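Reviewing the structure listed below.
Being a predicted model, the structure only gives us computed values, none of them experimental. Because only heavy atoms are used, hydrogens play no part in the values below, and waters and symmetry mates are left out as well, while side chains stay in. Note on naming: letters A, B, ... go to the chains in the order of the sequence lines (proteins, then strands), and numbering restarts at 1 for each one.
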2 protein chains.
Amino acid sequence: MTNSLNLIILYSAAITSLLMMISKKFWIKKQEVLEPEILKISKDVHKGTISFLKRQYTSSAWVIGSAFFVLLFLAYKDFISFYTPFAVLTGAFFSALSAYLGMTTATKANAVTAHYTKFGLNKSFRAALNGGAVMGFSVCGFILLDLALWYSIISAFSPNLPEAELMEVITSTIITFSFGASFMAFMARVAGGIFTKAADFAADMVGKGRYNLEEDDPRNPASKADMVGDNASDIAGMGQDLYESFGAGIAAAMQAGSMLLFSTFVMIPLSISALGIFASIIGLAMIRTNNEEKLLGSIRRGIYSTSILIIAGSAFIIYFSTGSLTLVVPIIIGLLTGNGISWICEYYTSTDYKPVKLLAKKAEISHASVVLGGLSLGKKSVLPIALVLVVGMISSFYFAGFGDYNLGIYGVSLAAVAMLSTLPITLTVDAFGPIADNAQGLIEMTGGNEKRKRIGNSLDALGNTTAATGKGYAIGSAALAAVALIGALSNTIQSALIKFNLPTEINTDALNVLFLAGLLLGVAVPWLFSAKLLDAVNEASTVMINEIERQIEKLGILEGKNEPDYNKCIDISTKAAQHYSIVPAILVIVFPILIAILGGPTMIIAFLLGALFSGFCSAVKMSNAGGAWDNAKKYIEAGFFGGKNSSAHKAAITGDMVGDPYKDTAGPSLNILIKLMITVSILTCPVTMFLHYLIF
Amino acid sequence: MTNSLNLIILYSAAITSLLMMISKKFWIKKQEVLEPEILKISKDVHKGTISFLKRQYTSSAWVIGSAFFVLLFLAYKDFISFYTPFAVLTGAFFSALSAYLGMTTATKANAVTAHYTKFGLNKSFRAALNGGAVMGFSVCGFILLDLALWYSIISAFSPNLPEAELMEVITSTIITFSFGASFMAFMARVAGGIFTKAADFAADMVGKGRYNLEEDDPRNPASKADMVGDNASDIAGMGQDLYESFGAGIAAAMQAGSMLLFSTFVMIPLSISALGIFASIIGLAMIRTNNEEKLLGSIRRGIYSTSILIIAGSAFIIYFSTGSLTLVVPIIIGLLTGNGISWICEYYTSTDYKPVKLLAKKAEISHASVVLGGLSLGKKSVLPIALVLVVGMISSFYFAGFGDYNLGIYGVSLAAVAMLSTLPITLTVDAFGPIADNAQGLIEMTGGNEKRKRIGNSLDALGNTTAATGKGYAIGSAALAAVALIGALSNTIQSALIKFNLPTEINTDALNVLFLAGLLLGVAVPWLFSAKLLDAVNEASTVMINEIERQIEKLGILEGKNEPDYNKCIDISTKAAQHYSIVPAILVIVFPILIAILGGPTMIIAFLLGALFSGFCSAVKMSNAGGAWDNAKKYIEAGFFGGKNSSAHKAAITGDMVGDPYKDTAGPSLNILIKLMITVSILTCPVTMFLHYLIF
């Protein structure tokens, strides 16, 4: 296949995806919500969300803007290409845009979903799914558009470059786009995670712990902040995180492909991602049911069909591009690996299996027992997931290259792309979760009847399960993409060294002292980051708790004397989110730069490898522990071990509260943190290497 | 200096140390305890301890015995040297012997210390210190004896070998001795840790949580099991752990020295360790005070004097052995690094500094807040400690070798030896802690007067602080020794490959897929181990809780109708300790063997590096978090934030209960677990490498 045909496919996929997004957005927009109470809360939440986003985007714009001018200066000094500053800008811009579109739709979709529970399961289910699809298709559409544009622009500006060199310029530009995307994702995950959990932790602590209020009781002043947080973190945060993973995954695969010196290898990852959009549209159309029992099955049918279409389509693409079917194997391995990881996450966090049931039983004994039980459950889930990933990595390496190093690495990155190519549908399903969760909250707050509550509950439960499934893909692909990115870093360092006539030998021997030192620091660094994030939630929630108690005592809210002051709580969360993300943001940029300057190529590569793997394990542990605690609490609330308000329930609430910042703040932030450190390293390596050899 | 002079110094140091131990042991033995209640409890605890040790040594003897015969068979098949099986035996035997001597003395020393609180602080203080000294000097004496014996035996059996070859045989034999020592230490830490915390957790849970009993209330049926556990874990476990660290540290340094091809480099680590014994005796003599305020200062004076004597002495040894003072620098760096790490541990865990005070304040808010606070405090302590270690490692590498790789590695291992050379005094002070703790328990249980309680309390508090100090040395030296051991592994693999005419190139390039796979699995594996250990305590304590409640309800213990059945609780802990250490023991042996066979040299080295660093960080986190929770609880008990029985106190107890298995089971086990995996790899590498190349 020629590259221009490939490009045409790419543009049409991007446009199809965006059209799909627009049609779903309009569908949501035109649905009327005939219940004023629901509409009012939903509008308040919408307003809170917008005000949070505004703040976050303003501060991010300052950082990205400053970075832009610094990069422009570096380009002027010939350290980096002139495309780079602009690539960083577009990466950040499209990431923010897709999150904005997804999130503003979600706040309306909540209300529609809640309202439609009146008319039965399928209608309500479709509404939530359509809301999620806006996020899924805007993220994927904008990434492909961004990449395709850069491909076209650079090709147009350098018509006379030989193909191999052109590919190098294109891929090295595209890979820096991930810095913009990573930074936005970092802010979304960190600030969003702090926002939502400060509110949630405090609402639980005071509401459930002291005044026996139900979840989402409208008399709780933090209840709306909690809903704003769900939107900010679970929708915008997740969308931007996966935007980054997808973009970086494709970019890293293109880089790996450019090492093979044929532009066709650079194009394959793009084509497979394009394919994923068409396959997902078909898969999505297959999801519909009116039977509560079959909800999960129907979603699975959609995702599996998408996967099969992707395999079939890639076989076609790969055969016509390379003349052989060898590279289809890593595609299949990638999809299997994603599924394997998802299944393990589900096993450890779902109430259907033994681990969570046993954990719930621990709550009967004491707070400490359920806390320890959850910590150990999370820890136990790490090795199996690492094992699946390792098997996927090794087998895609070998089956792609049969010993050839560059082809092998390309295989690993194709496996990552394959996992991510289902993103339009998996992200739709992921975003469905928080929409259903909030819809359920709206029904609760406005006192819906039993039938509607039941529908809301089953959609909410479904969302929890699909979140676990989606997480598997996100975790696995992030790790594989990061491995490929570290490979890309070593290539970028090599180019920088050649450019400055420096010694080009990069020593990555592991028994070297600088390597060991870098590795140890890298392994240690995620602990600091997660500590900072846990502290942020812990500190911010203290302020929030005081405010809630003040309102309850002074305003007599519980007795219905006054309306709670919801905005005050939203304000506290917004400020805390800003305040506590400053230090992590500085550290994540300063650490890799400092280590690269002081320790050179050996130490920075070791540092990033250590941070990647230890961050991966920590993230897996924290997210599974948190998920398990949450569900153990729900299991008890369903009537086991004494049910609601028993001593077991109180202990389980402690577990859930510890788990909240674990699974929704620190856990998801770690992945993106590591990747941001890698992209910072890639972006700055021409300068840091120059300084390193200048000083030492 | 000639080697024979060195050997004479070595033997005299070993014998001096053992004589010192014997004299202290007799001193404790001949002290009369004139309070029958104290004597009775102490004897019961002694009996429980012996019964636990008997079981543990029996099962360990089976494992070591089987290993002996397997190794004998391998030696017969010419895979390994005939010295190896015997070296493993002596390593295990002397480790067990020194722990036995230390622990049996400690159970009497408790009683003496408690009794002597009648006669003022200094007398009681000296009694506890003399009890600790038995452990300190028996451990160090037996290690040096063991090493000196092997040096003499092998030299005698191979009189005609050229020096370089002789050194290789000696060091490669001596390094395998660590397998025996590691296995014993592993069993002591794992089984001892499970024993003690199952009892402690259950005693706290029922005693404090449900019936408002004080710590060490004699009506609590688990109170004696708790005291037995302190002896088993804090005295025997710690002694055997440090026995292994010290032995492995010296052996690794000797290995590194043998790479330098002069026997004098092999001898230096031995001489410095010998020096440590004489210096410690002098240092110990300087510790005495009658002033409660000056207890800590007096201990510090002793330890610092020892350090200075060691520096001065090593300068002498090194100058006369090598003709230069260069290698004194790593000695100084090693001692500074140990102190630096200790100081950081103290900062994060002592009630004198901000972190613990802030943690205690979190207890006012909720159980979840104090749990999260402790987790994050532990996490925060990781990076600073890693940083100190990295600076120590890099600087000792550079200042020893100025770029020469082998000399640099030798410098790193000398730094580890220097840290460990203060062991006779630091271990004495370490073992002092649990003796004082138990003495304080005895006073509490027998209703001593206020003055005696005050003395007991201040000795106990001192013990907590010195434990933090000792921990720094233990952690730092273990990590450095492990790095040196991994270096030794790569040498051993090389020799094995040469022997079997296999490709001798060991690829340790970090961007190799097998390396990445090994690294990820290695980083992940400590999570599984700590999960297993946390589960063990959690499960075993559940059985114990039921037993305590049964006794309290059925026997009417609280009303004084019946004596509690202490033995039943001791029995539960003993059985649990055996039962739950089987799986970790199997995993720790099977994992490295499997990975070496499947992945070859690259993967096993990566795996061990990953496991080492991630295990190190986890261990630091868990031990500091646990220490901080413990002290936060004590801080509240001292009257802050509502004092005893306030809601803050209840939350702090939850924190402490989560922290117990963190700091006393999982945390300390991780270090030794990693080192056991390394020594298993070293021991089995001739076979695993043979099988790897046979299969692949």
Side-chain angles (χ1 to χ4, degrees), chain A residues 201 205 209 362 365-369 371-373 375-377 379-380 382-383 386-387 389-390 393-394 397 408 412 483 486-487 490 508-511 513-517 519-521 523-525 527-528 530-531 534-535 537-538 542 545 605-606 609-610 613-614 616-617 621 654 657-658 661, chain B residues 201 205 209 362 365-369 371-373 375-377 379-380 382-383 386-387 389-390 393-394 397 408 412 483 486-487 490 508-511 513-517 519-521 523-525 527-528 530-531 534-535 537-538 542 545 605-606 609-610 613-614 616-617 621 654 657-658 661:
Chain A
F201 190 97
M205 165 66 218
K362 289 262 170 296
I365 301 171
S366 69
H367 293 257
S369 310
V371 168
L372 272 178
L375 290 169
S376 104
L377 179 148
K379 282 169 197 268
K380 259 182 287 191
V382 172
L383 191 64
L387 200 64
L389 194 68
V390 159
M393 193 162 81
I394 293 185
F397 181 85
V412 174
V483 167
I486 292 178
S490 110
T508 47
D509 185 75
L511 293 177
V513 170
L514 279 180
F515 188 91
L516 293 174
L519 191 64
L520 174 53
L521 289 180
V523 168
V525 101
W527 268 279
L528 178 66
S530 50
L534 296 181
D535 275 355
V537 172
N538 216 351
T542 307
I545 287 167
I605 288 177
L609 280 177
F613 289 148
S614 123
F616 170 80
C617 293
K621 176 208 150 179
T654 293
M657 283 168 69
V658 173
Chain B
F201 190 96
M205 165 67 218
K362 290 262 169 298
I365 302 170
S366 68
H367 293 256
S369 310
V371 168
L372 273 177
L375 289 168
S376 104
L377 179 149
K379 282 169 198 269
K380 260 182 287 191
V382 172
L383 191 64
L387 199 64
L389 194 67
V390 158
M393 193 161 79
I394 293 185
F397 180 86
V412 174
V483 167
I486 292 177
S490 111
T508 47
D509 185 76
L511 293 177
V513 170
L514 279 181
F515 188 91
L516 294 174
L519 191 63
L520 173 53
L521 290 180
V523 168
V525 102
W527 268 280
L528 178 66
S530 51
L534 296 181
D535 275 357
V537 173
N538 215 351
T542 308
I545 286 168
I605 288 176
L609 280 177
F613 289 149
S614 124
F616 170 80
C617 294
K621 176 208 151 183
T654 293
M657 283 168 72
V658 173

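Of all the listed residues (B/I545, B/I486, B/V658, B/V537), the one sharing the greatest number of non-hydrogen pairs under 4.5 Å with chain A is B/V658. Put simply, of B/L387, B/L519, B/I394, the one with the most heavy-atom pairs under 4.5 Å next to chain A is B/L519. Looking only at heavy-atom pairs under 4.5 Å with chain A, the residue among B/G373, B/A386, B/S490, B/G610 that has the most is B/A386. No other option in A/S366, A/C617, A/G408 has as many heavy-atom pairs under 4.5 Å with chain B as A/C617. Per-residue counts of heavy-atom pairs under 4.5 Å with chain A were compared for B/L389, B/D535, B/L528; the largest is that of B/D535. Listed options B/L375, B/V513, B/V523 were ranked by heavy-atom pairs under 4.5 angstrom with chain A; first place goes to B/V513. Of the listed residues (B/V371, B/L511, B/L372), the greatest number of heavy-atom pairs within a distance under 4.5 Å of chain A belongs to B/L372.
Put simply, CG on A/L520 and CG on B/L383 are 9.0 Å apart, with the number rounded to the nearest 0.5 Å.
Heavy atoms of B/V525 lying under 4.5 Å from chain A belong to its backbone as well as its side chain. If you measure heavy-atom distances from A/L377 to chain B, you find no contacts under 4.5 Å at all. Using a 4.5 Å cut-off between heavy atoms, A/K621 contacts chain B through its side chain alone, with no backbone atom that close. Looking at B/L516, the atoms closer than 4.5 Å to chain A (heavy atoms on both sides) sit in the backbone and in the side chain alike. Using a 4.5 Å cut-off between heavy atoms, A/V483 touches chain B through its side chain atoms alone. With a 4.5 angstrom heavy-atom cutoff, B/M205 touches chain A only via side-chain atoms. Both the backbone and the side chain of A/L521 come within contact range of chain B, judged by heavy atoms closer than 4.5 Å. For B/L514, the part sitting under 4.5 Å from any heavy atom of chain A is the side chain, from C-beta outward, and nothing else.
Across A/S376 and B/A531, no two heavy atoms sit closer than the pair O-CB, 3.4 Å. Here the closest heavy-atom approach between residue B/V382 and residue A/A524 is recorded as CG1-CB, 3.7 Å. Between A/I365 and A/S369, the shortest heavy-atom contact is CG2-OG, 3.5 Å.
Residues that satisfy the salt bridge (charged side-chain N to carboxylate O under 4.0 Å, His left out) test with B/K362, not counting sequence neighbours, are A/E539. When the side-chain hydrogen bond (donor to acceptor under 3.5 Å, both in side chains) test is applied to A/S530, no partner is found at least two apart in sequence or on another chain.
Aromatic ring orientation, B/F515 versus A/F515: perpendicular (interplanar angle above 60°, classes split at 30° and 60°).
At least one donor-acceptor pair under 3.5 Å links the side chain of B/T542 to the backbone N or O of B/N538.
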